[in-house]
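Just so you know, ligand 1 is whichever comes first in the structure, and atom 1 is the first atom listed for that ligand.
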Amino acid sequence: MTKLSYTMQTGFFGELDPTALLKKYGSPLYVYNEAVFRERCREMQSLIKGSPYTANYSIKANSNLTLLKIAREEGMYADAMSPGEIIVLEKAGFLPEQIFFVPNNVDESEFRFALDRNILVSCDSLDQVELVGSIASGSSLAVRINPGVGAGHHEKVVTAGKKTKFGIGMDKIDELKSLLTRYDLHLVGINQHIGSLFMESDAYLAAAGHFLELAASFPELRLIDFGGGFGIPYHKLAGEGRLDLDKLGRELSAMVKAFASNHGGDILFKTEPGRYISAESGVLLGTVTALKENGGTDYVGTDIGFNVLARPTMYDSWHDLEVWRDGVPVEGELSQQTVVGNICESGDILARDRELPHVMRGDNIVVLDAGAYGFSMSSNYNNRLRPAEVLIDLNGNDRLIRRRDTYDDLFRQFDV
Ligand SMILES: *Cc1c(COP(=O)(O)O)cnc(C)c1O
């Protein structure tokens, strides 16, 4: 039965517990553990050894200002995909040289937004290179390369290869070079991102190797960014193992070192982890509101709709669940139950046919690994309020780091 409480085993809540936290802050609620978050930052910051290296936190995974400040304290740099992300990163204290703007399909104003702040921009197509050339001839820029192969856990997160919208294809490198000459642009950075949630490092390492071969043909490079996608074990209750970061780090460090010694120059190497940093540092708490049997299926109705956590509906993602009652995990015989939310859509399913102990109205649900693409993808759909976010700090104290929406927030942008 102990397997059923990963949070208990790992001391995720410290002296606190889900029931008490929900009582204090309301349900549903995102809860983060600072120690776990820092640990993940450190793992990623020490991935490549022996060469200039930093990990760029991908803010889209979790953009809570307090967590961003912690990532910065841990020495991370950051990627931004939009001006909104740039502003929030600046608020968190990131300097222009620590921010890398890696957008796709943006207009002139967004490139200007970054260029005016001395933030390095990356172009996702030849068209975008031409746009930057036309507004900022003579400037330095980066490009996102599509290496022609992708990887990922779901079609929607494979971000390289012939069937995705991202990057400049390998067949367009000559054209890229002539555009750079035409607009007197200096290609100082290249980046790629082949997809999200890999648990074996082979594809990432192979892509990194090809990337370095390509890099050798650009003499002005100061930055080589291998991308993100580092997976985390979403099936931890079933014993899924972790990505072997030691092996990945060792092999990547060796490749990078060999490249740097042949190529010379002052090159900063980067990776772009998002999920790896924040996913396991956050859980989502919710409450069981109604139970029913329908057509042979046992439904557990909760307040965790897909407006709160979109991943299961959007990508068929699996999140491990724990059931708690009065401050302790519920034990006992398991049966198949389907956990659903309170949104008026039949796709509002958090977990289908899941083995769970006997659940009662008022029980607490703990959704594991919800710190990445959880709150950041939440919405006010059905005019529901987005939940609060709480941090359990290094001393084990709970602190509100984002207040829950209020009903007033639903009117804020109307003239009433
Ligand atoms: C989303 C994204 C990442 C982060 O992906 P994870 O799966 O969270 O590691 C990194 N780089 C780019 C360009 C992305 O779009």
Margin query: Which option wins on minimum heavy-atom distance to atom 4 (C) of ligand 1: M44, R144, E272, R275?
Written below: E272
Margin query: Under a 3.5 Å threshold, yes or no: a donor from one side chain and an acceptor from the other, between Y32 and N62?
Written below: yes
Next item on the list: Taking only heavy atoms of Y373 into account, list the atoms of ligand 1 that are under 4.0 Å away from them.
Entry: 1 (C), 4 (C), 5 (O), 6 (P), 8 (O)
Item checked: Sidechain-backbone polar pair: D348 side chain, I343 backbone, donor-acceptor under 3.5 Å -> yes
Note to self: I want to know if ligand 1 touches A61 in the polar sense, i.e. an N/O pair below 3.5 angstrom.
What the structure shows: no
Next item on the list: For T406 and D408, run side-chain hydrogen bond (donor to acceptor under 3.5 Å, both in side chains): C-alpha distance rounded to whole Å, both residues' side-chain angles, the deciding distance at 0.1 Å, then the answer.
Entry: CA-CA 5 Å; T406 63; D408 278 346; 4.9 Å; no
Next item on the list: Go through ligand 1 atom by atom and flag the ones less than 4.0 Å from a non-hydrogen atom of S196.
Entry: 5 (O), 6 (P), 7 (O)
Notebook entry, point to check: Ignoring hydrogens and geometry, is there a side-chain-to-backbone donor-acceptor pair from H193 to G228 under 3.5 Å?
Noted result: yes
Margin query: Can you list everything that forms a side chain to side chain contact (heavy atoms under 4.5 Å, CB included) with S82? Sequence neighbours excluded, please.
Written below: E85
Note to self: I need the nearest protein heavy-atom contact for atom 15 (O) of ligand 1: residue, atom name and distance, please.
What the structure shows: K60 NZ, 2.6 Å
Check: Any donor-acceptor pair under 3.5 Å linking the side chain of N33 with the backbone of D393?
Finding: no
Notebook entry, point to check: Which atoms of ligand 1 sit under 4.0 Å from any heavy atom of M81?
Noted result: 12 (C), 13 (C), 14 (C), 15 (O)
Checklist line | atom 9 (O) of ligand 1: nearest protein contact (heavy atom, Å) | finding: G229 N, 2.9 Å
